[in-house]
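First up is the structure itself, then whatever we jot down about it.
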There are 2 protein chains.
Amino acid sequence: LEFLKEKILSNGQAIDEHILKVDSFLNHQVEPLLMQKIGKEFALHFLKEKITKVATIESSGIAPALFTALELNVPLVILKKQPSKILNNDFCQTEVKSFTKGNTYNLTVSKKYINSNDHVLFIDDFLAYGEAALGALRLFEKLSAKPCGIGIVIEKSFQPGRTKLNELNIPIYSLAKIKKMTKGNIIFND
Amino acid sequence: LEFLKEKILSNGQAIDEHILKVDSFLNHQVEPLLMQKIGKEFALHFLKEKITKVATIESSGIAPALFTALELNVPLVILKKQPSKILNNDFCQTEVKSFTKGNTYNLTVSKKYINSNDHVLFIDDFLAYGEAALGALRLFEKLSAKPCGIGIVIEKSFQPGRTKLNELNIPIYSLAKIKKMTKGNIIFND
């Protein structure tokens, strides 16, 4: 997606070989028009999958996922990061280890909002180690919902997430794929 | 706002005199079309304030705030809830005590994204004790930005937040004001 790559090159910051800061338009300050374009792109790409719910993880995924859900005219479900386990049968949880942040949380969803009739499209801002996406997919499996697609705004293709997700045979669409980074320098896959 | 009140009456759940669950359309599952309508209403109401930034607190405020920012054609700044203090002069922080959740966090914003030229509109999903909104306003003050409005989706008028905010002489627009709740029953202000 050219407009996104241009934005990453002009406003993103490669801190080192691993860390990309996109605080100015995606994570902390958010550009609504860019998010709307991203949402339209995901919706168009996954249109034939008969999506019934878009799901994301709080909080950086919400902006692109919300516009995707708007375009597809389906609800958005925000998966919550709970510090502790909930002892309540109304919720479904799975433990996720964040390599990027170095912490562990319980990814949580109410059983009311995703069920066995759902075709779910998972949207997230980054794909790096893939642990968050794998956690979301474990939740959909527990709830017998069908995962029909994974939409990623920025994929760090040099980290292991993409390879892990490829094994699952779910369509993945990453809008910008980064092959390599060095301090101040970003190289895309194509 | 009639469509919102109807939604609260049909899909909200008054658990007791204090707790209103709106998980099905605002907090956990999110209805994009409803959020878009809410964003348009806030944008129209605060149009004359020459807003340069919309700000909200992660994560339940993001959906209504994003559509407000889209309509006003300005960036959205997501204030972060950090568990600990950041010892870094690039960030501005203030401690907030959540009466609703019983915890304390450090509301955090990068100095890059709000500055003394900004006219800020603060949007949040709920107004209850007002501590989150007061925290956001303390940050704007530290950054010498001008707070030009507060937009609240659901105000629990029987809790002390509204009275605290009224003292600041900033225009407040609450879309639905709840006067009183009992288990299973919600009474609006007008």
Side-chain angles (χ1 to χ4, degrees), chain A residues 11 13 21 23-39 43 52-84 90-92 101 103 105 108-115 118 125, chain B residues 11 13 21 23-39 43 52-84 90-92 101 103 105 108-115 118 125:
Chain A
N11 292 50
Q13 253 188 303
K21 289 199 77 169
D23 267 12
S24 66
F25 60 94
L26 181 58
N27 283 337
H28 186 14
Q29 182 170 255
V30 178
E31 284 194 15
L33 276 170
L34 184 72
M35 296 302 118
Q36 189 184 41
K37 274 185 172 178
I38 286 171
T52 61
K53 298 273 166 70
V54 171
T56 191
I57 298 177
E58 60 182 351
S59 65
S60 301
I62 296 175
L66 182 62
F67 280 115
T68 309
L70 179 75
E71 285 296 316
L72 291 170
N73 197 22
V74 299
L76 167 67
V77 178
I78 301 170
L79 309 178
K80 305 281 183 179
K81 290 175 181 170
Q82 294 282 348
S84 52
D90 299 341
F91 293 91
C92 182
K101 297 200 176 165
N103 63 356
Y105 56 86
T108 305
V109 64
S110 163
K111 292 180 183 172
K112 271 189 283 186
Y113 303 127
I114 295 183
N115 64 50
D118 280 320
D125 57 340
Chain B
N11 293 49
Q13 252 189 304
K21 288 199 79 169
D23 267 11
S24 67
F25 60 94
L26 180 58
N27 282 337
H28 186 13
Q29 181 170 256
V30 177
E31 283 194 15
L33 277 169
L34 183 73
M35 295 303 117
Q36 189 183 40
K37 274 185 172 177
I38 286 171
T52 62
K53 297 274 165 71
V54 172
T56 191
I57 298 178
E58 59 180 351
S59 64
S60 302
I62 295 175
L66 182 62
F67 280 114
T68 309
L70 179 76
E71 285 297 315
L72 291 170
N73 197 22
V74 299
L76 167 67
V77 178
I78 300 171
L79 310 177
K80 305 280 182 179
K81 292 175 180 171
Q82 294 282 349
S84 53
D90 299 341
F91 293 90
C92 183
K101 295 199 177 165
N103 62 357
Y105 56 86
T108 304
V109 66
S110 162
K111 291 179 183 172
K112 273 189 281 186
Y113 304 127
I114 295 181
N115 64 49
D118 280 320
D125 57 338

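This one's a predicted model, so the numbers in the text were calculated from it and none came from an experiment. Naming: A, B, ... by sequence-line order, numbering from 1 per chain.
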Give the minimum heavy-atom separation between B:N27 and A:I78, together with the two atoms involved.
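Result for this residue pair: O-CD1, 4.3 Å.
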
Work out which heavy atom in B:P32 is nearest to a heavy atom in A:P75; give both atom names and the distance.
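Looking at all heavy atoms of both residues, the shortest contact is CD-CA, 4.1 Å.
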
Validation row: A:S110, B:D23 side chains within 4.5 angstrom (heavy atoms)
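No. Closest side-chain heavy atoms not under 4.5 Å.
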
Side chain to side chain, A:Q29 and B:I114, heavy atoms closer than 4.5 Å
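No. Closest side-chain heavy atoms not under 4.5 Å.
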
Going by salt bridge (Lys or Arg N to Asp or Glu O under 4.0 Å), name the pairs with one or both residues in residues 59-83 of chain B, residues two or more places apart or in two chains.
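Of all non-adjacent pairs touching residues 59-83 of chain B, none passes salt bridge (Lys or Arg N to Asp or Glu O under 4.0 Å).
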
Do B:Y113 and A:F25 have ring centres separated by under 6.0 Å?
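When the ring centroids of B:Y113 and A:F25 are compared, they turn out to be at least 6.0 Å apart.
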
Between A:H28 and B:F91, what is the ring plane arrangement, given parallel below 30°, perpendicular above 60°, and tilted in between?
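The arrangement is parallel - the two ring planes meet at less than 30°.
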
B:T108 versus chain A, the contacting section by heavy-atom distance below 4.5 Å:
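Only the backbone of B:T108 comes within 4.5 Å of chain A.
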
Of the backbone (N, CA, C, O) and the side chain (C-beta and beyond), which part of [X] lies under 4.5 Å from a heavy atom of chain B, both, or neither?
X	answer
A:T56	neither
A:S60	side chain
A:V74	backbone

What's the separation between atom CD in B:E31 and atom CG in A:L70, rounded to the nearest 0.5 Å?
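Answer rounded to 0.5 Å: 11.5 Å.
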
Roughly how far, to the nearest 0.5 Å, is CD1 of A:I62 from CD of B:E58?
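One finds 8.5 Å between CD of B:E58 and CD1 of A:I62.
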
